Amino acid sequence: MATLHHKIDTSGHKSRQLRQLLESPNLEFILEAHNGVSAKIVEQAGFKGIWASGLAMSAQFGVRDSNEASWTQVVDMLEFMSDVTTIPILLDGDTGYGNFNNMRRLVRKLEQRNIGGVCIEDKVFPKTNSFIDGERQPLADIDEFCGKIKAGKDSLMDDEFCIIARVEALIAGWGLREALQRAEAYHAAGADSILIHSKLSRPDEIIAFAREWANRLPLVIVPTKYYSTPTEIFRQAGVSLVIWANHMIRASIEAMERTSDQIFKQEAVVNIEDRIATVDRIFALQGADELTRAQERYLKHKQDPHAIVLAASRGNALQDLTEDRPKVMLSISGKPLLQRLVEEFKKQAINKITVVAGYRAETIDTGGIELRLNKDYESTGELSSLLCAVDAFHNDMLILYGDLLFRGYILNDLLDHDGDIVVVVDSSLQTAHISGSPDYAYCSRADERSIFNQTIELTRICEQAEPDYGQPSGRWIGMLKVRNEGRKWLEEALAALRQRPDFNHLTMPDLLNYLVDSGKKIHVLYIHGHWLDINVLGDVGRASDFTLGN
Ligand code: SPV
Ligand code: MG
């Protein structure tokens, strides 16, 4: 099934499809559509073609069927209709919007938009709908109309494009002889098919015409007024194509009037909800799922990641500075840490930010975040806080401590990394100033800074150095990324660790070690400095220097 943005065959096959409908030995049917969505619905119903009705298209613009909409406005709408469908469109081209020259330009534009064909009627521009005073409408001069058909045919690039000549002689009350004479002249001028129109409520004059016409060219009819005629009659008469010319616009007008009336009177929408299309139905018609798939394919690393910030602790070592606020609300060069974090996130299109607060949570007034509360922050640890944000878990998320300052590229590089779980490790062990627990990271390889694109895995994180593991490769900075499979691993690990009696004391390094022990690959992104965390009073001055670029 076509979606709005599927690959459209623009190689001219639609004109061939329409020609096949006209020339098929069976009676074929096309249904009116007047915009993209109605065209799509017509195709979904199973129709092999679409009638782009002048009446319906003018009506959906809210204007009269008297060439009030310009022909380019019509062609623009056709482009939407054709883009979302694979079946051919036959345009109701009225009188060709002018003389032979306008007709030439019209067919060229229609070909360019992969429209199957056009039907023109032998009236005078600006035309009026045949059912409004049909008898009083002047007919075109036969020669002039034949010139228009010829000009249309001569300007075609694609020989399959169909030009159908519509005979209005019966509508105008000129009788069968005139209708036949005109049809024959249009045939001789090169028309591919004849549309014979009637405003009678019975098909008599159409049947009489068909009998005399004897299939000299395929015959097209529009049974709007003689709608009660059994279709079999048309089949027996040798008609090639039936146009159901206005039923989609009429159905939608009826539905819209009923719906608007009811909503207005009831001042409520509850009673119409089950009688109208769901919003999901609209999404389906628009091909929204195709866009989602395309985003997965083309915006792989930029799927609006989420961030979870662990910010429950007071930061006791900061003494008075955190008396009345948690550490994340500590002002560094005039701006709270959390505000700085949010600004870094925004630069990476991370707009969903969940902050797990605890100590003095009520003082957190940073905009653009969602707060979760770990009310037992005093007696519980990091994993308990993380658990408070489990409902905000996402297939592409960062988890980090709230007391971090870092250069923007670190976040960018982390988001670009392909691993399912990636931890950021600072390999600059000698130079780094260490205030809190160092979180030493032991990795599969040391940071050989000249080698890129190496996969490095975490083997262990220890809050203090562990000689058993050899030389640490660096320090985990308190930031990780979790994606796709990684999210599943994380949720399973949390569920398992929760069963342990010491869960309340477990830390993020405990979680990462558990994952490593369960055989999961935790990737390492090495950095070399360019970050700090804030644990003691001395860090505040260093942080201020850091933000000022010193
Ligand atoms: C249309 O659908 O605009 C037509 C057919 O031209 S009719 O309205 O029956 O004339
Ligand atoms: Mg029309």
Side-chain angles (χ1 to χ4, degrees), residues 18 29-35 38-39 42 47 49-71 73-75 77-78 81 88-98 102-103 106 110 115-140 145 148 162-174 179 182 191 193-203 205-206 209 219-229 234 239 241-253:
L18 181 60
F29 305 90
I30 64 175
L31 178 60
E32 167 263 315
H34 47 271
N35 57 20
S38 58
V42 168
F47 282 92
I50 293 166
W51 171 243
S53 153
L55 172 65
M57 287 212 279
S58 57
Q60 65 79 41
F61 281 125
V63 298
R64 287 167 286 223
D65 187 15
S66 305
N67 296 119
E68 289 185 344
S70 74
W71 72 273
Q73 288 170 322
V74 170
V75 170
M77 182 59 90
L78 288 176
M81 294 164 67
I89 297 175
L90 172 59
L91 170 65
D92 172 6
D94 293 342
T95 57
Y97 311 110
N102 303 88
M103 175 69 177
L106 173 68
L110 295 177
I115 304 306
V118 64
C119 174
I120 51 167
E121 62 200 60
D122 54 356
K123 290 201 307 217
V124 179
F125 181 89
K127 48 77 52 136
T128 307
N129 186 277
S130 302
F131 300 138
I132 300 175
D133 284 341
E135 301 218 6
R136 295 194 10 226
Q137 294 189 35
L139 294 189
F145 195 69
K148 211 181 262 184
C162 304
I163 296 185
I164 299 179
R166 165 166 159 181
V167 176
E168 288 283 294
L170 300 180
I171 296 273
W174 291 37
R182 283 175 174 262
S193 163
I194 297 296
L195 188 158
I196 183 70
H197 205 13
S198 166
K199 60 178 189 290
L200 302 185
S201 57
R202 293 175 47 80
E205 56 184 10
I206 294 294
F209 181 93
L219 197 59
V220 180
I221 60 168
V222 185
T224 297
K225 293 288 181 184
Y226 47 100
Y227 61 87
S228 62
T229 310
F234 305 141
V239 169
L241 182 68
V242 168
I243 298 177
W244 310 120
N246 43 45
H247 302 82
M248 296 294 276
I249 189 83
R250 286 165 61 192
S252 59
I253 287 174

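Just so it is clear, the model here is predicted, and its values are computed rather than measured. One-based numbering, in listed order, for ligands and for the atoms of each.
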ask   = atom 1 (C) of ligand 1: which protein heavy atom is closest, and how many Å away?
value = Asp92 OD2, 3.1 Å
ask   = Name of the Asp92 N, O or S atom nearest the Mg ion (ligand 2)?
value = OD2
ask   = Judged by modelled atom types alone, do Ser130 and Gln137 share a side-chain donor-acceptor pair under 3.5 Å?
value = no
ask   = Are the charged groups of Lys123 and Asp94 less than 4.0 angstrom apart, N to O?
value = no
request  = Could you tell me whether Glu168 and Arg182 have a side-chain N and a carboxylate O separated by less than 4.0 Å?
outcome  = no
task = Number the atoms of ligand 1 from 1 as they appear, then name those within less than 4.0 Å of a heavy atom of Ala245, with their elements.
result = 2 (O)
request  = Show which atoms of ligand 1 fall inside a sub-4.0 Å distance from at least one heavy-atom site of Ser130.
outcome  = 10 (O)
task = Identify the heavy atoms of Trp51 and Ile243 that sit nearest to each other, and give their distance.
result = CG-CG2, 3.3 Å
request  = Identify the heavy atoms of Pro203 and Phe234 that sit nearest to each other, and give their distance.
outcome  = CB-CE2, 4.3 Å
query = Between Asn129 and ligand 1, does any nitrogen or oxygen pair lie at a separation below 3.5 Å?
reply = yes
task = Run the numbers for me: atoms of ligand 1, each under 4.0 Å from some heavy atom of Gly54, listed by number.
result = 1 (C), 3 (O)
remark   = ligand 1 atoms nearer than 4.0 angstrom to some heavy atom of Leu55 are 1 (C), 3 (O)
message = Students should be able to answer this: which protein heavy-atom is nearest to atom 2 (O) of ligand 1, and at what distance?
response = Ser53 OG, 2.7 Å
Polar atom proximity, Asn246 to ligand 1 (N or O, under 3.5 Å) = no
remark   = Per side chain to side chain donor-acceptor pair (under 3.5 Å), Lys127 is matched among Asp122, Thr95, Asp65 by Asp65
message = Looking at non-hydrogen atoms alone, which of His197, Arg166, Met57 comes nearest to atom 6 (O) of ligand 1?
response = Arg166
inquiry  = I'd like to know if the side chain of Asn67 reaches the main chain of Pro126, judged simply by a donor and an acceptor atom lying under 3.5 Å from each other, with no hydrogens or angles considered.
reply    = no
